[in-house]
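A short write-up of the structure that comes next.
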Amino acid sequence: MEFRKLIGYRIWGIPAGLLARYLWGLLSLFALLMIFTAAVGHGIRLKYEVMVFFGDCALIVAPVFLLPRRWRWTAVIPVALLALYLTASEIYYRYWGDFLPLTSIFTSASWNGFVAGSIPGMFSLTDGVILLIPVVYGFVVRMLGKAEAGGSAGKPDASFRRRGVAFFVSVVFWALTFACGLLQHRGYLRSIDADSSPGAVVASRLRSSSSLYGNWQSGLPIYFYLEIKNLFDRGSRLQLTEEERAFVDRVLRVRKREELTFTPPINRSKNLIFIIVESLNADIVGKKYAGRSVTPLLDSLLRMPGTVAALNIKAQIGAGGSSDGQLIYNTGLLPVYHGCTAQLYASSSTFPSLAKTLGKKAAREYIVEEGRVWFHTATSKAYGYDRLNDAARLDSLGIEPADLGGDRAVFTMALTELPALPQPFLAEIVTLSMHFPYEDPGVPRQEWIEALTGIGTSERNYLQMTSYFDRELGRFLRGLKEKGLYDNSVIVIASDHDQLYRDVTDVASSQNVSPIVFMALNTGMTERIVRPAWQMDVYPTVLDLMGYDGDGYRGIGHSLMAAGGETDSVSVEDCRRASDLIIRSDFFGSGVGGF
């Protein structure tokens, strides 16, 4: 039987060609969702992913029944858009451990050369398969259209009433699968003794989870409803309930003053130079390749009198990535549960900060890229810096990162200006050469690293950039001594975040890659802290090292110089929840903050 005649047949008055478009679209969407869910390392369960996603697919493709013939090719559009989003989200997941927020997609500052340069190295075979699915579906739709043009010429379309019934059946099918998902979720709530009333079950599905994957489990329509809601709600202020305000107050009171196990040095009159290092894993410090260390300077600094160091700190960044590291170090707060904190709140929030608390005579920030990248322009102002020196300042000084490498460029810019600043000052310097994929074109390659065997390209590039940073840090410290600034400065070196550098396609091992580095030089005391700590603990530690003894806000973490730890009455999750409430309610700028 000819294909053209076959698709002209009608089932309950609806042409087989129309039904074929619907079924192919449904299966294409379902394949996308299953492949993606498996690719990001989450299990596929019959009663959740299979059932709920199948109903979602039926709903998303259902509008094809309502379209006139000439517009039915548009059934390809939702499949193609979802494929693009899932591909981007899978790449994002490998790097950050969560799905790609829509707020990041629709913010121009999220898209820059560093992001574009990272994509090729993160692309996998799975991504190619996901992108191929809408292409295949588009080919099928085109073939169906051609066949209909020849075999159904002159034949009337199915009545709108019959097509409307088909659409309605699809919606009912989705509603049934969604209801079954709610029943499953109700059982889960009962198992943990949570409120399992119908209203509570529905509300829990319509409320953002602490990770976008939690929203993903609620099904595609709910997931995108929450993401679109967040897209339009960004920057809006949360009104705290009495219980939430009391909870935040309790967390802050616990952290307000802690009993110190070390006698803090008196560094109030010193400068603070805070160097935030891109992608510096603690496990690379002192590690030997062919009998040689990649970080000989950092190794020596660890042994130097006056150094306080901790190499067992766990990163706590979220969707904002690098900008979240700067948030944590500058404010002692953790990023919000959803979206990029710097993007959503930096322009409209009152943040406590090192710059404001220490009250130095000048506060400057130095970066190598444009101020709009990673939202530096907004965050620099929000954190209390009186000037941001970025790529435009490099141009005015005639410093070319493409020739020197990004790290030497930013260190050179800082050394040019710091001697002229009134002392004591605060200077934050952000390095970038170690940004994935570790290919700063201005960095000279070390021959001994190039000659190493048994390592992949990604690891070799990471070693080259780490070695380069170590050398440039040494050059910077020598410059501070030559200009008479070193002895009167506490120099903090802290990793922005951890980074997988051996196999970027290994999703399972990309989580909790390595502890990160905290090191403070010229502090007046020598201490190596080996116990586990958190990135949020750096802020109060720096306050203690700088001799701050005020009763104001001290961050939500534990000072590394304080007694206690994770055994106290405030858990790490309490800290994260309190931080989320503080930022989203503008706690310190709304008049409800107690400091």
Taken to the nearest 0.5 Å, the spacing of Leu33 CG from Ile60 CD1 works out to 7.0 Å
Exactly one of Tyr385, Tyr383, Tyr539 clears side chain to side chain donor-acceptor pair (under 3.5 Å) with Asn330, and that residue is Tyr385
| field | Side chain Arg72, main chain Leu67, donor-acceptor under 3.5 Å | value | yes
Exercise. Measure from the side-chain N and O atoms of Thr341 to the backbone N and O of Val336, and report whether any donor-acceptor pair falls under 3.5 Å.
Key: yes
| message | Quick one, Leu581 and Arg245 - any side-chain contact, counting heavy atoms below 4.5 Å? | response | no
Problem set entry | Minimum side-chain heavy-atom gap Arg577-Glu244 below 4.5 Å | yes
Check your understanding: Tell me, do His376 and Gln326 make a side-chain contact under 4.5 Å, heavy atoms counted?
Key -> yes
| field | Under 3.5 Å: donor-acceptor pair, side chain of Ser579, backbone of Cys575 | value | no
Check: Can you find a heavy atom in the side chain of Phe178 that is under 4.5 Å from one in the side chain of Leu59?
Finding: no
Between Glu370 and Ala391, the two heavy atoms sitting closest are N-CB, 3.9 Å
Is the Tyr438-Phe436 ring centre distance short of 6.0 angstrom?
-> yes
Does Glu243 CD have over 12 foreign heavy atoms under 6.0 Å away?
yes
Within the structure provided, determine whether Leu26 and Phe54 are in side-chain contact (heavy-atom separation under 4.5 Å). yes
Is it true that a side-chain atom of Asp390 and a backbone atom of Gly371 form a donor plus acceptor pair closer than 3.5 Å?
yes
When every non-hydrogen atom of Glu278 is compared with those of Thr431, the smallest separation belongs to N-OG1, 3.2 Å
For Gly318 and Asp324, the nearest pair of non-hydrogen atoms, with its separation, is N-OD2, 2.8 Å
Q: Kindly say whether the aromatic ring centers of Phe224 and Tyr85 come within a distance under 6.0 Å.
A: yes
Would you say the side-chain atoms of Tyr501 and Ser279 include a donor-acceptor pair closer than 3.5 Å? no
Exercise for the section: Say whether His497 and Gln316, considering side chains only, have a donor N or O and an acceptor N or O under 3.5 Å apart. Expected result: no
State, yes or no, whether a side-chain contact exists between Val136 and Ser28 at a heavy-atom distance under 4.5 Å. no
Notebook entry, point to check: Can you find a pair of side-chain heavy atoms, one from Phe36 and one from Val129, that are under 4.5 Å apart?
Noted result: no
Original post:
With a 4.5 Å heavy-atom cut-off, do Ile35 and Ile133 have their side chains touching?
Top reply: yes
